[in-house]
Number of protein chains: 2
Amino acid sequence: MVVDQLSPAPEKDLELDRLFQALADATRRDIVARVTAGEYSVSGLAALYAMSFAAVQKHVAVLERASLVTKEKRGREQIVRGNHDGLQKARHLLDEFEMIWRQRAARIGDILAEDDERDLP
Amino acid sequence: MVVDQLSPAPEKDLELDRLFQALADATRRDIVARVTAGEYSVSGLAALYAMSFAAVQKHVAVLERASLVTKEKRGREQIVRGNHDGLQKARHLLDEFEMIWRQRAARIGDILAEDDERDLP
DNA sequence: CTGATCTACAACCATTTGGTTGTACGATAC
DNA sequence: GTATCGTACAACCAAATGGTTGTAGATCAG
């Protein structure tokens, strides 16, 4: 019974909480997209948005805690880069949901097939 | 320039905000997994968790607003079912990030290849 | 050295979130 | 009918979020 392998009580998965929480903001998603494609300093990012430097700094911190982004000091700047692992972890969970969904669809298909068999001689 | 096609200012995408926000809670992820695999009434779901009925009711409402779940009245019960579309929308965004990432990796690969060519006669 | 830049972090504020309890109402069971 | 079940919704509360301003420490340019 594959279904019951799912967490019976929702084990508190702080990691996924932070991951999806981090993605639940348009500014942060934009930052992820940008630093995935290239490198930005924190102030370089801050220049892109209509909010204070400190606000962007906080967004980057949220992304960092969620393992979606890494920071590396270079001179007096802090370079922000995309972290592939975090994205893949999120994708992986959604893929699992997708699998459960397909298994369910297949099961429904089987039941219909059984009904057909019963109807046949 | 594929990179610059990305939202210059983060267009406020309420839909994705709600989607990821909804997934940023372990209880709600568990609900999604369960109703994706089968059918549950709201009270049926509430029986699974160590919190009040009203709390679960709110979680279901959040999932419904995020298009991850649908409710349908049946007798005096409200049946909750998984909504495939919402999940696919989230997967789609992460897939886009994945594509950007791969393009970047390919670009870096090209640069290295160019360097190699320059080094050769 | 002086001044400008980039960053970190604290303090504060308004709003949202995740939970509670309590009340009310339609549908079902007896 | 009455009692019970499943639901909806309001009011309330503590904590987290998303933003601000202000202050202070490194690092670089002149």
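In what follows, chains are A, B, ... by sequence order, proteins preceding strands, each numbered from 1.
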> When the nearest nucleotide of DNA chain D is assigned to Phe53(A) and to Ser41(B) on a heavy-atom basis, which residue is associated with the more 5' position?
Replying inline: Ser41(B)

> Within the distance-only criterion (no hydrogens, no angle test), does the side chain of Arg28(A) pair as donor or acceptor with the backbone N or O of Ala22(A) below 3.5 angstrom?
Replying inline: yes

> On DNA chain C, nearest-nucleotide positions of Ser52(B) versus Arg65(B): which is more 5'?
Replying inline: Arg65(B)

> Taking for each residue the nucleotide of DNA chain D with the nearest heavy atom, is it Gln57(B) or Ala55(A) whose nucleotide lies nearer the 5' end?
Replying inline: Gln57(B)

>> Please check if the number of heavy atoms outside Arg18(A) that lie under 6.0 Å from its CZ is greater than 12.
In response: yes

> Given dT7(C), is OP1 or OP2 found less than 4.0 Å from the side-chain N or O atoms of Ser43(A)?
Replying inline: yes

>> If you compare every side-chain N and O of Lys73(B) against the phosphate oxygens of dG26(C) (OP1, OP2), does one of them come in below 4.0 Å?
In response: no

> If you measure from CG on Leu23(A) to CG on Leu16(B), what distance do you get to the nearest 0.5 Å?
Replying inline: 9.5 Å

> So what does Arg74(B) hit on the nucleic acid, given a heavy-atom distance under 4.0 Å: a base, only sugar-phosphate, or nothing?
Replying inline: nothing

>> On DNA chain C, compare the nucleotides closest to Glu77(A) and Val62(B); which residue's is nearer the 5' end?
In response: Glu77(A)

> When we call it a touch if two heavy atoms are under 4.0 Å apart, what does Ala46(B) touch: a base, just sugar-phosphate, or nothing?
Replying inline: nothing

> Does His59(A) place a side-chain N or O at less than 4.0 Å from the phosphate oxygens OP1/OP2 of dG19(D)?
Replying inline: yes

> Just by modelled atom types, is the Thr70(B) backbone N or O under 3.5 Å from a matching donor or acceptor in the Asn83(B) side chain?
Replying inline: no

